[in-house]
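Working notes, structure below.
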Amino acid sequence: MILNQKAAKIVGVLFMLAAVTAIVGLNLYNPILNGPDYLIKGSEHANQVLLGALMELILVVSAVGTATTLFPILRKYNETIALWHVCFRFLEAIIITVGVISVLSLLTLSREFVASGVPDSTSFQASGTLLIAVHDWTFMLGPLFMLGINTMMYSYIFYKSKLVPRFISILGMTGATLVFICALLVMFGVIQQVSVWGGILALPVAANEMILAVWLIVKGFNESANLKGKNYLSI
C-alpha cells in the first residue's frame, strides 16, 4: 500500500511535468517553426530552440515514466490493457522524439543557410519545408492520436477498479474520445490542430491530466478498491 501511494505521487508529478514541458517546448520552437524567415530566425535563436528540444526530451522521459510506474498497479486489474498502455505510451514517446530530431535537423539547416550566405534559398526552403512537415505530423500523431488511446486505456481501468474517483475516470474517457476525434479531423484536414476547435477538443484531456495529477499527489490511489486478483476486469 505504501509503495502504491509513492507510485501515485510519482505519476502525479510526471503528469504535471509532461504538461509543463510540452507547452514550454512548443512555445520555445516559435522562431524556427513559425514565420517565413525561419531559416534565419532559427539560427539567431539557436539556444532557445535547443532549450525547447530539451523540454520535449523531458516530456519523453515523463511519458515513459508514467507508463512504467503505472504498469505494476494497472496490471493487477487487467494485465492485457496495462501492457497495451505501456506499448502505446512508448510509441507516443518515440513519435515525439522523431519530432525533436526534425527540429534539431532544421536548426542545423538554418545554421548552414546563414553560414553559406547563398542568395538562392530554394534547396534550403525545400529541405526546411520537409522537416517542418515531419514535426507537424509527429505533433499530431503523438500528443493527439496516441494520447487518446493511452488515456482511454488507463481511464477505463481506473473507472472499473475505482482506484480514483469515477468523475476523474469519466473525464479521462471523455477527453480521450474527443482528442482522438480531434486527431482524425486534423489528419483529414477538417480543422487545424492549433485552432479554436483544436483547443476545445483537447481541453478535456488536458483538464483530466491536471486533475488526476493533483488527486494522485494529494490523495493517492483508493486502496479500499475491491482487488480480486490479477486480470479480474474483463476487456
Side-chain angles (χ1 to χ4, degrees), residues 1-23 55-97 141-180 183 202 204-235:
M1 291 178 63
I2 294 175
L3 290 176
N4 281 356
Q5 297 311 321
K6 287 183 178 179
K9 294 183 185 301
I10 292 172
V11 171
V13 170
L14 289 175
F15 267 125
M16 285 192 168
L17 184 62
V20 171
T21 52
I23 295 172
M55 290 295 103
E56 286 217 301
L57 289 175
I58 295 174
L59 166 62
V60 168
V61 173
S62 301
V64 173
T66 56
T68 53
T69 306
L70 277 175
F71 178 72
I73 298 168
L74 298 182
R75 70 180 297 187
K76 298 174 185 176
Y77 298 87
N78 193 304
E79 189 168 12
T80 300
I81 296 180
L83 184 58
W84 287 353
H85 174 256
V86 171
C87 292
F88 280 104
R89 184 69 82 178
F90 268 74
L91 280 175
E92 178 187 346
I94 291 169
I95 291 170
I96 294 172
T97 303
L141 291 173
L144 288 186
F145 192 91
M146 291 298 175
L147 178 62
I149 297 174
N150 293 326
T151 304
M152 179 61 74
M153 288 178 179
Y154 72 70
S155 295
Y156 171 77
I157 294 181
F158 283 165
Y159 178 82
K160 298 290 287 186
S161 65
K162 299 180 182 179
L163 280 169
V164 298
R166 281 273 172 91
F167 80 90
I168 298 179
S169 303
I170 292 173
L171 178 60
M173 290 187 287
T174 302
T177 302
L178 292 177
V179 81
F180 188 79
V205 76
N208 167 72
E209 288 191 352
M210 289 301 94
I211 294 172
L212 176 61
V214 172
W215 183 272
L216 292 178
I217 292 172
V218 176
K219 296 288 188 177
F221 292 116
N222 177 19
E223 291 294 348
S224 65
N226 185 23
L227 177 58
K228 296 180 180 178
K230 200 191 312 186
N231 290 334
Y232 85 101
L233 296 181
S234 60
I235 295 177

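- The backbone N or O of Phe221 lies less than 3.5 Å from a partner atom in the side chain of Gln5, making a donor-acceptor pair.
- Checking side-chain atoms of Ser169 against main-chain N and O of Tyr159 turns up a donor-acceptor pair under 3.5 Å.
- When side chains are defined from C-beta on, Leu70 counts as touching Phe158, because their heavy atoms get closer than 4.5 Å.
- Rounding to the nearest 0.5 Å gives a distance of 11.0 Å between CG of Asn208 and CD1 of Ile170.
- Contact check for Leu17 versus Ile58: side-chain heavy atoms found under the 4.5 Å cut-off.
- Note on ring orientation: taking the six-membered ring where Trp is involved, the planes of Phe167 and Trp215 are perpendicular (angle over 60°, cut-offs 30° and 60°).
- Using bins of under 30°, 30° to 60° and over 60° for the plane-to-plane angle, the ring pair Phe145/Phe180 lands in the tilted bin.
- The shortest side-chain heavy-atom distance between Met152 and Thr177 falls under the 4.5 Å cut-off.
- The CD1 atom of Ile94 sits 13.0 Å away from atom CG of Leu141, with the distance rounded to the nearest 0.5 Å.
- Residues Pro204 and Gly175 share a closest heavy-atom pair of CB-CA, 3.8 Å.
- Distance check: Leu163 CG to Asn4 CG gives 8.0 Å after rounding to the nearest 0.5 Å.
- Nearest heavy-atom pair across Gly142 and Ile95 is N-CG2, 3.7 Å.
- Side-chain atoms of Phe88 and Glu92, non-hydrogen and from C-beta on, never get closer than 4.5 Å to each other.
- Side-chain contact between Thr151 and Val179 is absent, with no heavy-atom pair separated by less than 4.5 Å.
- Pairs of residues two or more places apart, or lying in two chains, never qualify as salt bridge (charged side-chain N to carboxylate O under 4.0 Å, His left out) while including a residue from residues 206-222.
- Between Leu57 atom CG and Ile96 atom CD1 the span is 10.0 Å, to the nearest 0.5 Å.
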Next item on the list: Could you go through the side-chain contact (heavy atoms from CB on, under 4.5 Å) check for Ile217 and Val13 one step at a time?
Entry: CA-CA 7 Å; Ile217 292 172; Val13 170; 4.0 Å; yes
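- Atoms NZ and CG, on Lys160 and Asn78 in that order, are 10.5 Å from each other to the nearest 0.5 Å.
- Atom NE2 of His85 is separated from atom CG of Leu74 by 6.5 Å, given to the nearest 0.5 angstrom.
- At least one side-chain heavy atom of Phe90 sits less than 4.5 Å from a side-chain heavy atom of Thr68.
- Residue Met210 comes nearest to Ala19 through the heavy atom pair CE-CB, 3.4 Å, listed as atom of the first residue, atom of the second, then distance.
- The nearest pair of heavy atoms linking Leu216 to Val164 is CD2-CG1, 4.0 Å.
- Between Tyr154 and Leu212, the closest side-chain pair of non-hydrogen atoms falls below 4.5 Å.
- The heavy-atom pair separating Ala18 from Thr21 by the smallest distance is O-OG1, 3.2 Å.
- Contact record, Ala183 with Leu144: CB-CB, 3.7 Å, taken as the closest heavy-atom pair.
- Looking at Val214 and Met16, their side chains come closer than 4.5 Å, going by heavy atoms from C-beta outward.
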